[in-house]
Amino acid sequence: QVQLVESGGGLVQAGASLRLSCAASGRTSSSPIMGWFRQAPGKEREFVAGITWSGSRTYHADSVKGRFTISRDNVQNTVYLQMNSLKSEDTAVYYCAARFGNLIYTTSRGYDYWGQGTQVSVSS
């Protein structure tokens, strides 16, 4: 089991930055893959970024590439999502997710553990 708690969401203006955090606990010694997803009202949950536990591999969705960066601090067991140049279309609830394995999946059904989500709202 892995427990995930997100924080760092908020209301910002377009062009601003936010950093989301996801604190992981439980079976982190088994090196889970970590991912960030988001879900806007009326839309399906979509992949944003993923990272291996070692941090050696990352993958970002095209819609956020160059603006968002996923990283991790294994001492703190925390994964981050640095979001720069935010746009109104980035408004969504952002979820942290974890899975055990070697691959960064880009579909939500590939992840077994989820946080409660944190709201990010970007005003234009």
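For this chain, numbers begin at 1 and follow the sequence in order.
Here the shortest heavy-atom pairing between Pro32 and Ala98 reads CB-CB, 4.3 Å. Counting all heavy atoms, side chain and backbone alike, Tyr105 lies closest to Gly110 at CD2-CA, 3.5 Å. Summarising the geometry of Ala49 relative to Leu81, their closest heavy-atom pair is CB-CD1, 4.2 Å, with the distance given to 0.1 Å. Closest heavy-atom contact between Ser124 and Ala14: CA-CB, 4.2 Å.
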- Which is it for Gln119 and Thr91 under the side-chain contact (heavy atoms from CB on, under 4.5 Å) test, yes or no, and what are the steps along the way? CA-CA 8 Å; Gln119 176 71 47; Thr91 295; 4.1 Å; yes

- Check the pair Phe68 / Leu18 against side-chain contact (heavy atoms from CB on, under 4.5 Å), numbers first and verdict last. CA-CA 10 Å; Phe68 292 9; Leu18 276 177; over 6 Å; no

- Kindly indicate, with the supporting measurements, whether the criterion side-chain contact (heavy atoms from CB on, under 4.5 Å) is fulfilled by Tyr111 and Phe37. CA-CA 10 Å; Tyr111 291 77; Phe37 287 76; 3.5 Å; yes

- Task: Applying side-chain contact (heavy atoms from CB on, under 4.5 Å), run through Tyr80 and Asp73 and close with a yes or a no.
- Result: CA-CA 8 Å; Tyr80 302 100; Asp73 179 341; 3.9 Å; yes

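Rounding to the nearest 0.5 Å gives a distance of 11.0 Å between CE of Met83 and OG1 of Thr69. Taken to the nearest 0.5 Å, the CD1 atom of Ile33 stands 14.0 Å off from the OH atom of Tyr59. Interatomic distance, Ser7 OG to Tyr94 OH, rounded to the nearest 0.5 Å: 15.0 Å. A distance of 12.0 Å separates SG in Cys96 from CD in Gln3, rounded to the nearest 0.5 Å. Taking CZ from Phe47 and CG from Asp62, the interatomic distance works out to 10.5 Å, rounded to the nearest 0.5 Å. Atom-to-atom distance recorded for Arg27:CZ and Phe100:CZ is 4.0 Å, nearest 0.5 angstrom.
Of the possible polar contacts, none joining the Thr58 side chain to the Ile51 backbone as a donor-acceptor pair under 3.5 Å is found. Side chain of Thr78 to main chain of Gln76: a donor-acceptor pair is present (N/O by atom type, distance under 3.5 Å, no hydrogens or angles). Of the possible polar contacts, none joining the Glu6 side chain to the Thr118 backbone as a donor-acceptor pair under 3.5 Å is found. Formation of a donor-acceptor pair under 3.5 Å by the Arg57 side chain with backbone atoms of Asn102 is found in this model.
Within 6.0 Å of the CD atom in Gln13, the count of heavy atoms belonging to other residues, nucleotides or ligands does not exceed 12. Few gaps surround OH on Tyr113; more than 12 heavy atoms of other groups in view lie less than 6.0 Å from it.
Residues meeting the salt bridge (charged side-chain N to carboxylate O under 4.0 Å, His left out) test with Arg67, sequence neighbours left out: Asp90. With sequence neighbours left out, the side-chain hydrogen bond (donor to acceptor under 3.5 Å, both in side chains) criterion links Glu46 to Arg38.
In the hydrophobic cluster analysis, where Ile, Leu, Val, Met, Phe, Trp and Tyr join through side-chain heavy atoms closer than 4.5 angstrom, Val2 is grouped apart from Val5. Side-chain heavy atoms closer than 4.5 Å link hydrophobic residues (I, L, V, M, F, W, Y) into clusters, and following such links, even through other members, never connects Leu20 to Ile104. Under the 4.5 Å side-chain heavy-atom criterion for Ile, Leu, Val, Met, Phe, Trp and Tyr, Met34 and Val93 are members of distinct hydrophobic clusters.
Counting only heavy atoms from C-beta outward, the side chains of Tyr95 and Leu4 never approach each other to under 4.5 Å. In this structure, the side chains of Val79 and Ile70 come closer than 4.5 Å at one or more pairs of heavy atoms. At a threshold of 4.5 Å between non-hydrogen side-chain atoms, the residues Arg45 and Trp114 count as touching.
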